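So the structure is just underneath, and the comments pick up after that.
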Amino acid sequence: MSEADATPLISARDISKSFAGVEVLRGVDLDLMKGEIHALLGENGAGKSTFAKILAGVHLPTRGTLALNGQPVEVTNPVVAQKLGITLIHQEPISFPDLSVAENLVLGRSEDGWFSKVPWAEMTREAHRYMDLLGVHIDVTRPMRGLSIADQQMVEIARALASDSRLIIMDEPTAPLTPREVETLFGIARRLRDEGRTIIFISHRLEEVRALCDRVTIFRDGDKIATDTIGNLSDADIIRLMIGRPLKEYMHKHSATIGDVALEVQGLTLPGVFYDIGFSVRHGEIVGLGGLVGAGRTDVARAIFGVAPAESGTVKVNGKAAEIEKPEDAIALGLAFVPEDRAVAGIFRTLPVEQNITAAIPGKIAPAGIIRRAVEKSLAQDAVKKLRIRLASVKQPIGELSGGNQQKAILARWLLADPSILILDEPTRGIDIGVKAEFYDMIGELAAQGRAILLISSEMPELLALCDRILVMAEGRLTAELSRAEANQEKIMSAAVPRSQRVEEAA
Amino acid sequence: MSAADTTRNIAGREAAPPRPLLHVILVRPETMTLALLILAVIVASQLSPFFLDINYILRSFTLSAEFAIVALVFTMVIIAGEIDLSPAANMALSACLFAWAQASGIPMPVAILIGLAAGLAMGALNAFMVIALQLPSIIVTIGTLTLYRGLAQIIAGDKSIRVPDWFIGIDKVLVLGIPVPVVIFVVVSLLLGLILAGTIFGRQIYQIGTNEVAARYAGIRTRRIKLVLFLLMGLVAAVAGMMTASRLGSVRYDLGLGGELQMVLMAMLGGTYIFGGRGTILGTFLAAWLLVVVSTGMTVANLLPAIQLTVLGVLLIVAIIATNFIYSRTQR
């Protein structure tokens, strides 16, 4: 921590926030010191992101005050935040993909009039300077489109530097990054701290928090539970504080009788996306598909399910060659697919939960095309009970539920279709630890019922705990197939890292 | 923290509390439309005692009935997340083809079939461009609205094509004292209302309009449903075109000119959400009556046509603001 100045950079007092009558943040007091990296931890919905967004002017607090260097301030919108020297770096940076890196860097700065000339040369020079400062090599004249997410984050950080931000908030910056990119990011974060800037680091990964941060603040259910130096807390302490109860041992390994091959894929290729993918999944078996984000795992699943079919290769379902050109074909063959991006491909946000749950089984709720409300309601309520979906009413718009419960509803939709093959794409992303455990139990149970499960996940502990076999993809190709006995984190990771990078490491 | 507190917190985090029933019933766009309709009738009856005469209102309604019928299907297209601005032009072209066919000696039933087929073909062309070529429906149908109107002008020139006397006057035929176009409107409203609210087809229209990607992932045949909607739109527009021909006694290329605007007005006043996924047949049904009462009321009150247009414009904007406000309040 900085020794020069004991006045906190930011003092938050009694910060509270309600959305539509639901209090998501209650009376939070927090001091952020100059020259510290401060972690915010908590389950999803605990309030940490809301708090960060209040600092960055995205949300206005319903109550409470903020002081910057001891002076009271009102951060009414992101532009004001920027002027005060507060920058929020988004996980997947929002930028203008067709503008150059340099142009993206100076966005939001508009000292010049609308019709003044754009100082291209100066802009490029300045952009170069910031890139050098960060020690990254990005051609600033290139458009943002095509930059890796890591590089896009660097541009955002450079933007924060360009406006001389004193507080840089990173909301789960490492989730989409490779380990090497994480290291670069951490190096830069430490340098910025040593310059006396303050960094807020939001992450779910405890080991990262431990490696990087000076102090942590833990949120739970909208309350600030604790703030302490990281050295004073063990991982078990942190988890206990986050979930407010001791962590149940949730990583059971299920035992199911493994039957015949349910899904068999051979030579599946979609040029530019994935090549020569071949594997099989048996009844009762959970096969993991690991790899980094962007390795093509989701694309393979989408191809099998007929959302974006492959160009060549074969898919066999229960030993019979299957022609799957659209999702209806896949569903008719007994496949189900819980997609990764709930909001885009899963839920009908404004429609009632029951309509969301029954969306894939029109034949069951409406034998002659006319909906039987009673049947629909009882099917939905049974599913709600079975999957312990927490809600006020099945007539409620699904958008009012928390992420974990939305995800359960989508799973319920597919379970009603009684699929024999279930593809789950990052089923526990963005879900609280407690609900995750329920999901693991359910996945194990589904396999035990004789369903074949293909589980796509970026979380290695999840793959290791649940799967009978683990496939790993990198750059659109299968790079490893590991049995449960031989699989471990190192083997998965080394197969997941793109070849270009592995070559570099070998050299 | 007490146990009760903990429970409340968890519930608060998991899901927002449900809205009170009264709130659910009252705070919806159709309620606004109904309130406006009642208000309009009260004001209009102050302006002219005619408005207390149901027959007067029914007769007035026949002037807008064709648009109102098409507006019902239009509502479904918007709920599905698309739009079709070509139906008024479709009415003109299918009516022109029908009138031209019967005027050149083709037997009447065949001429009617030609008109209906033309309407279907126009709907199919829209569907082809929107579904197969994946073009945005707003641009496609602005294009075809111009195209269909242009073709109607080529066929009819600037002459009126007469229809046989027996075909004239559908609006003067009464069933149980109600003009036939109004009867058709009510029947079609009931039918489409039941389909939209009570069948899988209707349910899936809402689902497509709410989230088309999710609908495809759920195995919903989004393309087929949109095809049916565009075809239905074409067919109903052709029927409406011929009803207009019967009411006017002759067909010109400018039949139904500007009708798309009326249909937009009816759907929007009825609380249909322009971005899809929300809206009801009941809303459009009420809005059609509202529009008739307001425009007739203004005519009776001797308001200048220019002012009438301004009033309708203001009404539309108020409706859109109110609808958006209600939806933003009730659904996150």
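The sequence lines fix the lettering, A, B, ..., with proteins before strands; numbering per chain opens at 1. Just so it is clear, the model here is predicted, and its values are computed rather than measured.
- Among the residues in residues 212-227 of chain B, those with a non-hydrogen atom closer than 4.5 angstrom to a non-hydrogen atom of chain A are B/V213, B/A214, B/A215, B/R216, B/Y217, B/A218, B/G219, B/I220, B/R221.
- A distance-only check finds a donor-acceptor pair linking the side chain of B/N211 to the backbone of A/I347 [under 3.5 Å].
- Among A/E376, A/R413, A/R342, the residue making the largest number of heavy-atom pairs under 4.5 Å with chain B is A/E376.
- Both the backbone and the side chain of A/F348 come within less than 4.5 Å of a heavy atom of chain B.
- Atom-to-atom distance recorded for B/T210:OG1 and A/Q355:CD is 8.5 Å, nearest 0.5 angstrom.
- Between A/L351 atom CG and B/Q207 atom CD the span is 6.0 Å, to the nearest 0.5 Å.
- No part of A/R372 comes within reach of chain B, as not one of its non-hydrogen atoms sits under 4.5 angstrom from that chain.
- Ranked by heavy-atom pairs under 4.5 Å with chain B, the first of A/A359, A/A343, A/A366 is A/A359.
- No more than 12 heavy-atom neighbours from other residues, nucleotides or ligands sit within 6.0 angstrom of NZ on A/K377.
- Counting heavy-atom pairs closer than 4.5 Å to chain B, the top-ranked of the candidates A/A345, A/P327, A/A360, A/A336 is A/A345.
- Scanning residues 124-134 of chain B against chain A with a 4.5 Å non-hydrogen threshold yields no residues.
- Exactly one of A/I365, A/I370, A/T358 qualifies for a side chain to side chain contact (heavy atoms under 4.5 Å, CB included) with B/I200. That residue is A/I365.
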